[in-house]
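It should be emphasised that the depicted structure is a prediction, and the values quoted were computed from it without experimental measurement. So you know, we letter chains A, B, ... as the sequences are listed, proteins then strands, and number each from 1.
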Protein chains: 2
Amino acid sequence: MNKEFNCPVEATISLIGGKYKSVILFHLMGKTLRYSELHKKIPKATDKMLAQQLRELEKDGLIKRTVYPVVPPKTEYNLTEFGESLSPILNAMCNWGESYLNIPSQCVEES
Amino acid sequence: MNKEFNCPVEATISLIGGKYKSVILFHLMGKTLRYSELHKKIPKATDKMLAQQLRELEKDGLIKRTVYPVVPPKTEYNLTEFGESLSPILNAMCNWGESYLNIPSQCVEES
DNA sequence: CCGTATCCGTATCGATACTG
DNA sequence: CAGTATCGATACGGATACGG
């Protein structure tokens with residue numbers, strides 16, 4: 001697999017371009033969420049997809065996964081500093097989607 | 001195919017998330033390029049991929065394709081206003097890729 | 001020059017079932 | 001609760017050949 005990129009844009013997309021990756025990252029901005037909370041926010045993703053994308057984001061150093069050895073199980077996800085550095089991009093994507101695609105904003109969280 | 005999105009970010013990615021789409025859009029920002037010029041800037045893409053992604057971008061109203069009926073053939077691509085509105089996102093992705101991934105910038109064009 | 005057509009392997013994604 | 005395992009469909013992407 002070729003991991004060299006000619007263009008920064010291409011490199012960036014390779015990290016956040018997955019079907020649910022940018023959405024996951026967006027929901028985790030400035031927050032810590034449990035697996036089930038994350039899943040509620042992205043209902044269309046199956047467990048398989050969600051777990052897989054989370055593993056990749058973790059491998060790429062964008063998110064941190066914390067497992068609490070309790071019953072019932074508890075796993076929390078949050079962005080690393082590296083992940084947080086994506087905020088300008090994620091916010092730009094959210095704003096654009098709202099403005100130009102008229103997507104109802106469930107991104108700007110209601111409390 | 002489900003075209004409804006829960007989140008603006010997801011909707012945005014669905015338009016620019018293709019392997020070469022964001023790179024194409026980026027190279028066309030504020031410019032008009034011929035097919036061959038575009039291909040030179042994205043050498044890794046095959047003719048098939050480049051043409052396919054260009055068709056999709058055209059279908060989604062992000063780029064305009066102009067064919068000149070001359071010999072040899074001449075086809076030019078440029079962003080629509082809709083496409084230009086993505087500039088903040090594309091620039092953010094380029095800046096981030098340069099800053100955090102240390103990709104040599106061939107994005108900021110040398111003349 | 002600007003593509004399309006065909007074939008084909010791989011990666012992505014979904015559905016379902018199951019588990020500590 | 002937080003996943004994994006398995007199977008299968010389809011989309012993505014590359015190689016090559018060809019055409020107006």
Side-chain angles (χ1 to χ4, degrees), chain A residues 1-7 9-11 13-24 27-28 31-60 63-78, chain B residues 1-7 9-11 13-25 27-28 32-60 63-78:
Chain A
M1 182 103 47
N2 191 353
K3 280 294 176 192
E4 291 164 23
F5 302 104
N6 298 325
C7 175
V9 175
E10 190 186 345
I13 276 293
S14 77
L15 288 181
I16 68 171
K19 187 162 186 182
Y20 300 111
K21 282 186 184 176
S22 52
V23 191
I24 293 171
H27 285 306
L28 288 177
K31 298 206 204 74
T32 295
L33 292 178
R34 301 183 58 164
Y35 179 86
S36 54
E37 295 173 313
L38 210 42
H39 206 172
K40 265 180 219 127
K41 290 178 182 296
I42 315 173
K44 284 196 300 192
T46 60
D47 276 323
K48 176 191 166 187
M49 287 313 303
L50 192 53
Q52 182 188 99
Q53 305 262 296
L54 285 167
R55 295 296 167 275
E56 290 186 23
L57 290 170
E58 188 188 7
K59 179 175 63 61
D60 290 334
I63 66 174
K64 187 159 64 70
R65 178 171 177 258
T66 310
V67 180
Y68 298 92
V70 298
V71 279
K74 179 176 170 181
T75 308
E76 286 185 340
Y77 294 92
N78 59 84
Chain B
M1 181 103 49
N2 190 353
K3 281 294 175 195
E4 290 164 23
F5 302 104
N6 299 324
C7 175
V9 175
E10 189 187 344
I13 276 292
S14 77
L15 289 181
I16 67 170
K19 186 162 185 182
Y20 301 111
K21 283 187 185 177
S22 52
V23 191
I24 293 171
L25 293 168
H27 285 307
L28 288 177
T32 295
L33 292 178
R34 299 183 58 163
Y35 179 86
S36 54
E37 294 174 312
L38 209 42
H39 206 173
K40 265 180 219 128
K41 290 177 181 297
I42 315 173
K44 284 195 302 192
T46 59
D47 278 322
K48 176 192 165 187
M49 287 313 302
L50 192 52
Q52 183 188 98
Q53 305 263 297
L54 285 167
R55 295 295 166 275
E56 289 186 25
L57 291 170
E58 188 188 7
K59 178 174 65 59
D60 289 334
I63 67 174
K64 187 160 65 69
R65 177 171 178 258
T66 310
V67 179
Y68 297 93
V70 297
V71 280
K74 179 176 171 181
T75 308
E76 286 185 341
Y77 295 93
N78 59 84

Check your understanding: Are B/Thr75 and C/dC1 close enough that a side-chain N or O sits under 4.0 Å from OP1 or OP2?
Key -> no

Check your understanding: Does any N or O in the side chain of A/Glu56 come within less than 3.5 Å of the main-chain N or O of A/Gln53, such that one atom is a donor and the other an acceptor?
Key -> no

Check your understanding: Has B/Tyr20 got a side-chain N or O lying under 4.0 Å from the OP1 or OP2 atom of D/dG14?
Key -> yes

Revision key, fill the gap. Taking for A/Ala45 and for B/Gln52 the nucleotide of DNA chain C with the nearest heavy atom, the one nearer the 5' end belongs to B/Gln52

Check your understanding: More 5' along DNA chain C: B/Asp47 or A/Gly18, using each one's nearest nucleotide?
Key -> B/Asp47

Practice item. Could you tell me, to 10°, how much the axis swings from one end of the helix from C/dG3-D/dC18 to C/dG20-D/dC1 to the other, five pairs per end? Key: 50°

Point to revise | B/Thr46 side chain near D/dA15 phosphate (N/O to OP1/OP2, under 4.0 Å) | key: no

Check your understanding: Taking the side chain as C-beta and beyond, is there a heavy-atom pair between B/Tyr20 and B/Leu50 under 4.5 Å?
Key -> no

Review point. Out of C/dC2, C/dG14, D/dG13, which has the shortest distance to the side chain of B/Arg34?
Key: C/dC2

Practice item. Would you tell me if any nitrogen or oxygen in the side chain of B/Lys48 comes within less than 4.0 Å of OP1 or OP2 on C/dT6? Key: no

Check your understanding: Looking only at side-chain N and O atoms, does B/Arg55 come under 4.0 Å of OP1 or OP2 in C/dC2?
Key -> no

Return all side-chain donor-acceptor pairs below 3.5 angstrom for residues 67-76 of chain B, not counting sequence neighbours, or 'none' if the list is empty.
residue	atom	partner	partner atom	Å
B/Tyr68	OH	B/Glu76	OE1	3.1

